[in-house]
Amino acid sequence: MIDYKEIEAKWQKAWDDAKIFEGEVSDKPAYMVTAAWPYVNTPLHIGHLRAFGTADALARYKRMRGFNVLYPMGFHATGTPVLAFAKRIKSNDQDIVDELHVFHVPDEEIKKMTDPSYIAAYFIKESGQLYRRSGFSMDPRRSFVSIDPTFSKMVEWQFGILDGKGFLTKGKHPVGWCPNENNAVGMHDTKHDVEPEIEQEVAIKFKVDSEDAFMLCTTYRPETIFGVTNIFVNSSEPYVICNIGDDGKRYYISKASAQVLKYQAKIEVIEELSAQKLLEKNCINPVSGNRIPVLPGFFVKGDVGTGVVMSVPAHAPFDYAALERLRKEGRLKQEIKPIKVLEVQIGRSLSDVSAGEAKPSQMDVPAFAYLEILHTNADAIDDMLEFATKLEYREESHWGKMIVKGYEGMSEPEAREKVKGELLEKGDAMEMYVLQNAPVYCRCGYEVVVKVVEDQWFIDYGNEGWKDSTRAFLKQMRLLPDKTRNAFEAAVDWIDLRAVARAQGLGTKFPLDRTKIIESLSDSTIYMSFYTISHLVKDVPPEKLKPDFFDFVFRGVGDAEKVAQSTDIDYSLVKKCRESFEYWYRDTSRHSGPDLIYNHLTMYVYNHIAVFDRAYWPKQIAVNGFVLSEGEKMSKSLGNIIPLVDAINKYGADPSRLNIIAGADLLNDSEYSEKAIRGIQERLEYLMNTVLGLDKLESGELKRIDYWLYSKLSGKIELATKYMDTLELRSAYTGILYDSVLELRRYFARKGSSEIAVKDFISAVVLMLQPVAPHVSEEIWHMLGNYTFASAEKWPADNREMRNEKVEAEEELVDSTVEDAKQVIALMQKKSGKKASKLHIIVASDWKRKLVNALAKEKDVGKALDSLQGDTKVDKEQAAKLAGVLAKRLNEVELVKTTQLEEFDGVEEAADYISKQLECDVSVEMEEKSKSQRASRAMPMKPSLDIEFA
RNA sequence: GCAGGGGUGGCGGAGUUUGGUCAAACGCGGCAGACUCAAGAUCUGCUGGCCAUAGGCCUGCGUGAGUUCAAAUCUCUCCCCCUGCACCA
């Protein structure tokens, strides 16, 4: 058993003492790796190991490839979470206490966590310890927190630049809003943590006949306006007539909606009235000029939209049902005929399944047809109507084509945009926001409404020039894995205005409105650059960190002397900061999770482009997947979050790292599983035990199997290097760890026994283990008699001269021979009950090789035979016969690299091994000399097998 | 709805970029054997299905079609699953 704790402690101390991970400016090429910083009040769990560990693997790998590597880490504390955390502790929230207990936070510490700065201090200390215990090759001196005043100075400077470039704009913005607390509400502020989903709708104005007022109808489907036959209101709701905004017009809407809509537009109620008053009126359809009545709709809710609904009985089951019911009750004063505006092709939808049976009249009213499909009618309960509605909307939106003049053949979404645009342009409609998943309740109990906030500050990621540069630069960036490129491109296209100033929370004051705080993702877009100087400016008073300083350090504006004067910062320090930035920030890799592609990572690229000179723009982004715990997503509710410290204590840092970091390729989710970790531990132990047994091996001349081992090693290094370059760690480590163990076992089974070969093999393997299993790597490296740090060694070079295709082919031949023989033996044993006593392996003659190679080259039987004409060793007749057989599968014929003698020697050498595998005697024979009747079946690389049974 | 990703053995997942020599690397689980008083651990072998029975054949990569001498791989269609949709870290 390996004592992971012991060797981890030993090497962590040795690395610290040697300070080998402290990044200093030097002549070597620099490389900087950063991973998304954790929120400061979050105890580290095994999920964190993924991004940090992947970054560390890259850092260690790059170091071995000759780079001077810097891997810093800091902490995020901006926004409301830390405050909320403190508040919950203060109120003795048992949930959070329980959660902290899971992470072994002692009660006396929890008690003190009512103060944000204490929370930060505690977790920074704890997390720092864990970084070290995880074996991360970090430079701890550069750690900082997003609310450090020195860092704030940099953020302020950054926003000055954004403002200078015109990237900060002010405007209106719809947000979820609690009318009681007068505050924006996000997901965390609602009951049951639901996100208030805000959707834009269109409200269409229907002029009231012979009156200077409009009925205002909200709708998702403005394109169906051509099919409107009437207006519905709720006959028992109070309504109002009012002004909305300042267009001077008067509108009828429900009283309830007026209450809610006032948060997104100025609403002036002129008069309250009952629905009965509205039912006397008629309206004009703005697109057709038709005169349409206002009717009572049983399903209309006063507090949804405007409480006024336009009725499209042909395409809306609810509308159809409401009209039918009125008709049956004799309450329709005039006949109302549904108007169809779009059609679904036959054979394209569920509705068409019954289309054959449906009467043509039914198909004229799709809403009715959909009810029929569901074996119901206009009297259906609301849930059924709802279901039919969803079905119809879906199918029509998917496959429907407009049949209205001027829009013929258009798809519904297409027509929707067009109609909407036209209505808005003509002033026949206005835009309106609704809470799609209403009702949503604030934690305080009040219902959330949509508020259009005035004077909201945004970062304008929609700015065309900025977007174009970002899009263009993204094309040059290395993205790992490259398949995230689509997502990044989509993100750049999609990202638009981002609200940037918040009323509450920790963080940097927004320079253009100091009553606000910069929102927490927006203050962390270029913070990685601060690592290059954070340890240098730690003790500089924040007020000295004026824009001049950052302009010079990060943009090379001005000169060190003047900056030193204007800021009163020591000249040499200013100069050193600039040098440090220039040195470290050219070649960088950023690591994060896929959930951040659509915000942080995209903003990261945007902001670098805005702030820095081109040489310092991002070079590489690596996106890693999540960690599942025994097949399940980790979550508080499942109670299966595994603290990082537990994983390390239980299994050791290296097995945990191998499991989580190298357990899946970059973007795939990896699984934390006890079984997998055990398997990893076994293999690490196998390597270590092999080293312990080295002295029992021999020092004689190398044998064929040694060449095989060297050849395998060479191939392994080439492959692993290729995979490491693209951070395909899973692929890399199946080769480095799993395959290596398999190969060593095979080597010993084949009677391999060379001390030097095994030592060379394991030395290289152990160095390649270094990026992911640094401690074990270091330990075995020293067990092998080395005195240097594996962490500081060169990545093994692929020595091409070791590559030996012949020996590898011969070993494959041995394997396939064993496999074939096994099959036959099993078969015969089952059939006759006899055991195999002797196996004759008959190796094919050389003339067959010549023929096969000729066929492989020419891919033509005639030409191949011609090319063998002059060869006296080839029997023409036999060759022609064999060629005929092979002709059927000409495409599969491959070049053969081994001669008969080589094949013979290879198998002969493995005879003992084969004999042991099959538990029978083995004799290897040349085809020409064999007495076996099966001898002629022998083919190159596929010897004939003749088995005797007894 | 929009956007991004995905559907391959009992399971996790390779293979898709560059069509063939490859279906299933590697791992887990399962079965058999070795070791053991026994269990566990470890080692060895087998492990998609069906039919054969001297090393073979057929069938299989969500559905349905197409291109091709040849498709898990390319094109189209449909179905299903996951993630995100913002001012929230």
Side-chain angles (χ1 to χ4, degrees), chain A residues 36 38-39 42 76-82 84 173-176 184-189 195 197-199 220 348 393-394 397-398 413 416 436 453 456-459 461 482-491 493-502 505 519-522 524 594-600 626 628 631 633 663-665 667-671 673-676 678-680 682-683 685-686 730-731 733-735 737-739 742 745 749 816-828 830-831 856 889 891-894 916-917 934 937 942-947 949:
Chain A
Y39 223 80
T42 317
H76 201 188
T78 317
T80 48
V82 176
H173 186 58
V175 292
V185 280
M187 194 166 74
H188 325 283
D189 311 312
E195 179 76 42
E197 289 172 39
I198 296 166
E199 199 168 53
Y220 290 110
R348 295 318 304 268
Y393 279 21
R394 200 174 106 97
S397 162
H398 245 151
R416 180 172 303 159
Q436 201 197 356
V453 180
Q456 172 65 264
W457 280 99
F458 298 96
I459 299 181
Y461 291 114
D482 195 63
K483 66 175 165 188
T484 56
R485 192 169 290 282
N486 284 341
F488 273 101
E489 282 172 359
D493 283 343
W494 161 84
I495 195 168
D496 194 21
L497 293 173
R498 184 177 179 94
V500 65
R502 291 212 66 189
E519 176 269 326
S520 51
L521 281 186
S522 299
S524 314
D595 49 332
L596 296 182
I597 292 177
Y598 280 88
N599 42 59
H600 167 72
F626 300 111
L628 305 178
K633 202 173 167 168
D665 269 325
L667 191 54
N668 291 4
D669 290 348
S670 69
E671 194 166 331
S673 116
E674 204 167 313
K675 288 239 160 65
R678 291 255 162 78
I680 288 163
E682 281 158 24
R683 285 161 178 90
E685 275 167 38
Y686 181 87
R730 157 108 167 186
S731 302
Y733 279 86
T734 45
L737 186 62
Y738 291 98
D739 291 347
L742 288 177
R745 281 188 175 138
S816 62
T817 301
V818 168
E819 211 160 294
D820 284 351
K822 241 180 212 165
Q823 250 186 71
V824 178
I825 291 169
L827 233 53
M828 296 306 285
K830 210 166 90 186
K831 206 164 134 187
R889 293 193 232 157
N891 278 334
E892 292 172 28
V893 175
E894 280 182 8
K916 210 177 154 194
Q917 294 284 315
R934 306 184 64 86
R937 287 176 61 109
K942 190 152 179 71
S944 174
L945 306 179
D946 193 347
I947 305 168
F949 291 89

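Reminder, nothing fancy here: chain letters follow the sequence lines and each chain counts from 1.
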Candidate nucleotides B/C46, B/A54, B/G12, ranked by approach to the side chain of A/Lys822 - the nearest:
B/C46
Distance check, P atoms only: B/A70 and B/G20, in whole angstrom units.
15 Å
For B/U44 and B/A24, measure between their C1' atoms and round to the nearest Å.
22 Å
Per A/Lys675 side chain, nearest of listed nucleotides B/G29, B/C87, B/G55:
B/G29
Nearest-Å distance, CD (A/Glu489) to C1' (B/G5)?
15 Å
Ignoring hydrogens and angles, tell me if any N or O in the side chain of A/Arg730 forms a donor-acceptor pair with the backbone of A/Gly663 under 3.5 Å.
yes
Roughly how many Å is it from NZ in A/Lys483 to P in B/G5, rounded to a whole number?
9 Å
Might you list the N or O atoms of the protein lying below 3.5 Å from N or O atoms in nucleotides 39-43 of chain B, with each pair's distance?
from	atom 1	to	atom 2	distance (Å)
B/U42	OP1	A/Glu682	OE1	3.1
B/U42	OP1	A/Glu682	OE2	2.1
B/C43	OP1	A/Arg745	NH1	3.4
B/C43	OP1	A/Arg745	NH2	2.2

Whole angstrom value for the distance that separates C1' of B/G4 from CG of A/Asn599
14 Å
Winner on side-chain proximity to A/His173, out of B/G55, B/G4, B/C87, is B/C87
Consecutive-pair stems (3 or more, Watson-Crick or G-U, under 3.5 Å) for RNA chain B
B:1-7 with B:79-85, B:10-12 with B:26-28, B:29-34 with B:42-47, B:64-66 with B:74-76
What distance do A/His600 atom NE2 and A/Leu521 atom CG have between them, rounded to the nearest 0.5 Å?
8.0 Å
A/Tyr738 side-chain proximity, nearest of B/A54, B/G27, B/G29
B/G27
Under 4.5 Å between any side-chain heavy atoms of A/Phe626 and A/Asp595, yes or no?
yes
Atom CZ of A/Arg678 and atom CZ of A/Arg683: how far apart are they, to the nearest 0.5 Å?
13.5 Å
At what distance, to the nearest 0.5 angstrom, does CD1 of A/Ile680 lie from OH of A/Tyr738?
4.0 Å
Whole-angstrom distance between B/A65 and B/G29, as gauged at atom C1':
38 Å
Using a heavy-atom cut-off of 4.0 Å across all strands, would you classify A/Ile597 as base, sugar-phosphate, or nothing?
nothing
Measuring only the P atom in each nucleotide, how far is B/U73 from B/G64? A whole number of Å is fine.
13 Å
Under 4.0 Å between a side-chain nitrogen and a carboxylate oxygen: does that hold for A/Arg937 and A/Asp946?
no
Anti or syn, where syn is a glycosidic angle within 90° of 0; which label fits B/G12?
anti
What residue among A/Leu497, A/Asp496, A/Ile495, A/Val500 forms side chain to side chain contact (heavy atoms under 4.5 Å, CB included) with A/Ile459?
A/Val500
Can you check the A/Asp665 CG to B/G13 C1' distance for me, whole Å?
10 Å
d(CD, A/Glu519; C1', B/C88) in whole Å:
8 Å
What is the separation between atom CG on A/Asp482 and atom C1' on B/U16, rounded to the nearest whole Å?
15 Å
Would you measure the distance from the C1' atom in B/U77 across to the matching atom in B/C87 and give it in whole Å?
40 Å
Once you round it to whole Å, what is the distance between P of B/G27 and CD1 of A/Ile680?
12 Å
Answer yes or no: does a side-chain N or O of A/Asn486 lie under 4.0 Å from OP1 or OP2 of B/A3?
no
B/G6, OP1 or OP2 - any side-chain N/O from A/Asn668 closer than 4.0 Å?
no
Taking for each residue the nucleotide of RNA chain B with the nearest heavy atom, is it A/Ala501 or A/Glu671 whose nucleotide lies nearer the 5' end?
A/Glu671
Inter-nucleotide P distance (B/C58, B/C43), Å rounded
38 Å
Kindly compute the distance separating OG1 (A/Thr484) from CD (A/Glu489), expressed to the nearest 0.5 Å.
9.5 Å
The residue, A/Ala491 or A/Thr817, whose nearest nucleotide of RNA chain B is more 5′ is A/Ala491
Can you say whether a donor on the side chain of A/Arg730 sits under 3.5 Å from an acceptor on the base of B/G13, or the other way round?
no
Just checking A/Pro943: base, sugar-phosphate only, or nothing, at a heavy-atom cut-off of under 4.0 Å?
base
Should A/Thr80 and A/Arg502 count as side-chain neighbours, where that means a heavy-atom distance under 4.5 Å?
yes
Using atom P of each nucleotide, how far apart are B/C61 and B/A52 to the nearest Å?
24 Å
Under 4.0 Å, counting only non-hydrogen atoms across every strand here, what does A/Ala676 touch: a base, just sugar-phosphate, or nothing?
nothing
Expressed in whole Å, how much space separates the C1' atoms belonging to B/G9 and B/A3?
33 Å
Where is the tightest heavy-atom contact between A/Arg745 and A/Tyr686, given as atom of each residue plus distance?
CG-OH, 3.4 Å
A/Ala490 has its side chain closest, among B/A54, B/C87, B/G4, to B/G4
When all nucleic acid strands are considered with a 4.0 Å heavy-atom cut-off, which category describes A/Arg683: base, sugar-phosphate, or nothing?
sugar-phosphate
Please work out if A/His76 contacts a base, only the sugar-phosphate, or nothing of the nucleic acid, heavy-atom cut-off 4.0 Å.
sugar-phosphate
Measure the spacing between CG of A/Leu667 and NZ of A/Lys483 and express it to the nearest 0.5 Å.
5.5 Å
Closest non-hydrogen atoms of A/Gln456 and A/Ala499, given as atom of the first, atom of the second and distance, are CD-CB, 3.8 Å
I need the CD-C1' distance between A/Gln456 and B/C88, as an integer number of Å.
13 Å
Minimal non-hydrogen separation, A/Phe458 against A/His173, with atom names
CZ-CB, 3.3 Å
Ignoring backbone atoms, test whether A/Lys916 places a side-chain nitrogen or oxygen under 4.0 Å from the OP1 or OP2 oxygen of B/U44.
no
With heavy atoms under 4.0 Å as the rule, sort A/Ser944 into base, sugar-phosphate or nothing.
base
Is it the case that the side chain of A/His76 and the backbone of A/Ser520 share a donor-acceptor pair, with hydrogens and angles ignored and the cut-off at 3.5 Å?
yes
Set out, line by line, the N/O atom pairs under 3.5 Å between protein and nucleotides 83-86 of chain B.
from	atom 1	to	atom 2	distance (Å)
B/A86	N1	A/Leu497	O	3.4

Please report the interatomic distance CD1(A/Ile825) to CD1(A/Ile947), rounded to the nearest 0.5 Å.
4.5 Å
